[in-house]
Amino acid sequence: MIIRGMNLPLIIACIVIVLALIILPLVVSYKAENKEKNNKNEWNKIKEYGNKLNNKTREKY
């Protein structure tokens with residue numbers, strides 16, 4: 001087997017810790033990426049509204 005002196009709960013605990021260290025950063029970055037996409041959408045809405053106002057003021061003159 002792996003090492004004869006190691007017992008099963010210790011091996012399972014090590015595997016869980018390693019998986020947590022791999023999966024946790026992926027989850028955090030996924031959430032941050034989604035938040036960034038939503039933020040960009042808000043900025044696009046603001047930009048479009050500003051362009052709409054600029055076009056209205058340009059039409060007046």
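Positions are given from 1, in the same order as the sequence printed here.
- Residues Pro25 and Ala20 approach most closely at CD-O, 4.1 Å, considering heavy atoms.
- Residues meeting the side-chain hydrogen bond (donor to acceptor under 3.5 Å, both in side chains) test with Asn55, sequence neighbours left out: Arg58.
- Here the CG atom belonging to Leu53 is positioned 7.5 Å from the OG1 atom belonging to Thr57, to the nearest 0.5 angstrom.
- The SG atom of Cys14 lies 11.0 Å from the CG atom of Leu19; values are rounded to the nearest 0.5 Å.
- Tested against Ile12, the residues Ile15, Leu8, Leu10 include a single side chain to side chain contact (heavy atoms under 4.5 Å, CB included) partner, Leu8.
- Atom NZ in Lys56 sits 11.5 Å away from atom CG in Asn54 (nearest 0.5 Å).
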